[in-house]
Amino acid sequence: MTTMFRAACAVLATVLLVGMTACEDAPAAEPIVIGTASPGGPYLAYGQGLARILSRDLGQEVTALATQGPAQNIVLLEKKVVTLGFVTTGVALQGWNGNDWAKGTRYRSMRVMFPMYDTAFQFVAAKRLGLHWLDDFSGLRVGAGPRAGTGGTYVPEILNALGIKASIRFGAMESMAAQLEAGDLDGAVFATGFPVPVLTTLIAAHPVDFVRPSPDQIATIRQKLPEISQSLVPARTYPTQERDYATIGLYNFAVAHKDLPDDLIYKIVKAVFDNHEELMMAQSSAKETVPANISRDTVLPVHPGAERYYREIGVPIPVDQTH
């Protein structure tokens, strides 16, 4: 019995040693990096919540990287510096076609995974100025957000389309809020989902007015920039906001590099929708992150792994997949 016991122990030790060696030799999964946007906005909060969900469900390291926003995310994704990224429809369309900020370079590695939420252009001004309409921004110092973000990309075009000559300043959302409070900016545009965390904090300490684009201005903007749609920030989204705020917007999507395996993207998309409530706890605008909103993508191809998920649950894919 003793001999048999010793033999059994030797076999078990060999099995354990081989198993440990195999684990040591197996390559670790590459970390997944999500390109988001500057601190103070919902992209980063959303990305941090998504990273926690994916780290747990995929069983590998996932991190949210603060960036300048969609335009930079597209460039980083093309170079495979980030694995996933957040984009708005308009900035993504410019990158795909090589227009405007892309300066002739076509960025065509991005593939849509899932819809995020509507980006509303939230134009605000220091209450002391008593501004009401976009025309009132003429001649004033207006923050547009990071240069490579949605606001930094679109605010100059929007004001130019309306013939409004303002002094546009670029910088992180947190910086814009601080400059508004200090009087170094007269107004700012938070082009992102709502509520914007840093804007909520600003309003609590320093009153601002929401500055409205008129119906005629919205029509002019949409004629010149057709990718822009109408948007609405419901009353009480912010503590002092007493009525609905009608403005303009762009839809947001999470994208992945086209070379990522279909199975991985399928698992990511499934994890997002399976953990929807948890994602909303990280960023409330994630309430719009539902499968049906993939219909808002009329521009970019969907990743085959994501397409498989939508077809399985009976949600149609809205765009031509022959890109």
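Every heavy atom of this structure was used, including side-chain atoms; hydrogens, water molecules and symmetry mates were not. Everything numeric here is computed off the predicted structure, so don't read it as measured data.
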Lys79 atom NZ, neighbour heavy-atom count above 12 within 6.0 Å | no

Would a single hydrophobic cluster contain both [Y] and [X], if residues Ile, Leu, Val, Met, Phe, Trp and Tyr are joined by side-chain heavy-atom contacts under 4.5 Å?
X	Y	result
Met281	Val272	no
Leu199	Leu44	no
Val189	Trp133	no
Met113	Leu264	yes
Ile268	Val315	yes

Name all pairs fulfilling the ring pair (Phe, Tyr, Trp, His ring centres under 6.0 Å) condition that reach into residues 156-210, sequence neighbours left out, sorted by first residue then second.
-> Phe210-Tyr238, Phe210-Tyr245

Does the [X] side chain pair with the main chain of [Y], one donor and one acceptor, at a distance under 3.5 Å?
X	Y	result
Lys165	Ser138	no
Thr220	Asp216	yes
Thr83	Val33	yes
Arg52	Gly47	no
Asn160	Pro156	no
Arg108	Trp96	yes
Glu181	Ala205	no
Asn293	Glu288	yes
Gln241	Pro234	yes
Gln223	Leu225	no

Tell me, please, which residues at least two apart from Tyr46 pass ring-ring contact (aromatic ring centres under 6.0 Å, His included).
-> Phe86, Tyr117

For a quick test of reading the model, state the closest non-hydrogen atom pair linking [X] to [Y] and the distance between them.
X	Y	answer
Pro213	Ala246	CD-O, 3.7 Å
Thr192	Val196	CG2-CG2, 3.4 Å
Arg222	Ile228	NE-O, 3.0 Å
Ala125	Val211	CB-CG2, 3.8 Å
Tyr310	Val269	OH-CG1, 4.1 Å
Thr200	Pro239	CG2-CD, 4.4 Å

Do [X] and [Y] get their side chains close enough for a donor-acceptor pair, meaning under 3.5 Å?
X	Y	result
Gln217	Asp135	yes
Ser231	Thr247	no
Asn252	Asp118	no
Glu227	Thr89	no

Before giving the answer on side chain to side chain contact (heavy atoms under 4.5 Å, CB included), spell out for Ile74 and Val91 the whole-Å C-alpha distance, their side-chain angles and the decisive distance to 0.1 Å.
-> CA-CA 9 Å; Ile74 292 168; Val91 176; 4.1 Å; yes

How many angstroms lie between [atom1] in [X] and [atom2] in [Y], if you round to the nearest 0.5 Å?
X	Y	atom1	atom2	value
His303	Asp259	NE2	CG	8.0 Å
His276	Thr289	NE2	OG1	5.0 Å
Leu54	Leu84	CG	CG	7.5 Å
Ser109	Glu78	OG	CD	3.5 Å

Side-chain ion pair, Asp262 and Arg111, N-O less than 4.0 Å | no

Answer yes or no: is there a side-chain heavy-atom contact under 4.5 Å between [X] and [Y]?
X	Y	answer
His257	Lys80	yes
Ser229	Ile248	no
Asp209	Leu131	no
Tyr43	Ile34	no
Arg169	Leu185	yes
Glu312	Lys270	no

Any idea how Tyr251 and Phe253 line up, ring-wise: parallel (<30°), tilted (30 to 60°), or perpendicular (>60°)?
-> tilted

For the rings on Tyr154 and Trp101, is their centre-to-centre separation under 6.0 Å?
-> no

Do Asp57 and Lys267 pass the side chain to side chain contact (heavy atoms under 4.5 Å, CB included) test, and can you show the C-alpha distance, the side-chain angles, and the key distance before you say yes or no?
-> CA-CA 8 Å; Asp57 283 29; Lys267 290 176 182 176; over 6 Å; no

